[in-house]
Amino acid sequence: MLPHLVLPGVGFRDHDDPKVSDWIRLHDESPEFDVALFGVPLSKTSISHSAASRLPDAIRATFKSLTPYSVHHRIDLSEYLKLTDLGNVAMHLTDLTACQEAVEAAAQAYWAAYDKPLVVLGGDHSTTGASVLGMVRAQPKRYGIIHFDAHHDVRNLEDGGRHNGTPFRTILESEFAKDGLLSGSNIEQIGLRDFVNSKTYTEYAVKQGVTVVTARQTHRQGLMNVVQQAFNRIRPAVDAIYVSFDVDVLDQAHAPGVPAPSPGGLTAWESLEVLEWLGKQHEVRAMDIVCVDPAVDFRDLTTRTAAHLVMSFLTGKALERRETQTSGEG
Ligand code: CA
């Protein structure tokens, strides 16, 4: 480089202020990591128009401005966790079934090779069906799912196949549900809204044994109370728990950049707090975050919230590690 010139994209650097992007390492086949993430750039399977396929890279871009430090807990996550980025699942351009199969195969390959917490960056919500099935195929045991969403996502598969309205139908009608590894009674849906779900689908979810908690109930009981009760109810019946977070569970005022915004939803602060709490639970082995469309977002507010939700989950994992080390030293 000539004097006074730097590479394109290299901005101001403060050597006392490392960023999340400095912390994350691209995966190099080494098992030397504690938590992994991969992206699912898929939203052609969304009912409403969505560019959620851009979310994985949008979150990574946000990581260039976030630090791995929690002021609240006085913890630098990078001191407790090694975070590795596995990249994005390669998508077929026109064969959406092949896309679902690729996501499932990627998840299966991960869980066959590693038994470390995973963060999946969607994508639309069809991501979850594929991610969960791949996980169970690689490690067949009993799973619980805590699912944050304005919607049940149990639409019938006949009318449109595996799209963002069907992941929980896909799960509940899978071979693993029949085997008891994915039981409706071990799934809790939190944040459901009026007027965006049908009678048929609420009745289907309840009949499958799914516990349904509306957004209004969370406001009255407190989201943390609801989540802790869900975890304590499910945990004794399962070997591991998966968390699926559709960002449209947030109130539209908190998440303008989702394909299906609606009022009356959760706030950002309480969602950040419960994802951290869930991350801290050893039994919670994976989370996904889905259905943010960066193309309709306002000042990246919703992408930023999605990135903070992921960081909150990782903070939980770092806190778990810090407590384990502290008790080990004692
Ligand atoms: Ca959803």
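Note that ligands are numbered from 1 as they come in the structure, with each ligand's atoms numbered from 1 the same way.
- Computed with the Ca ion (ligand 1) at the centre, the Asp149 OD2 to Asp153 OD2 angle is 80°, stated to 10 degrees.
- Asp34 and Lys82 are not joined by a salt bridge, as no carboxylate oxygen comes within less than 4.0 angstrom of a charged side-chain nitrogen.
- Taking 3.0 Å as the criterion, His151 does not count as a coordinating residue of the Ca ion (ligand 1), since none of its N, O or S atoms falls below it.
- Within Asp246, the N, O or S atom at minimum distance from the Ca ion (ligand 1) carries the name OD2.
- Using a 4.0 Å cut-off between a side-chain N of Lys or Arg and a carboxylate O of Asp or Glu, Glu79 and Arg321 do not qualify as a salt bridge.
- Distances from the Ca ion (ligand 1) show that Asp248 has no N/O/S atom below 3.0 Å.
- Remark: aromatic rings of Phe33 and Tyr114 are close, center separation under 6.0 Å.
- Atom ND1 is the N, O or S atom of His125 at the shortest distance from the Ca ion (ligand 1).
- Of the N and O atoms on the side chains of Ser244 and Asp288, at least one donor lies less than 3.5 Å from an acceptor on the other residue.
- Ring orientation note: the planes of His147 and Phe168 are close to parallel, at an angle under 30° on the 30°/60° scale.
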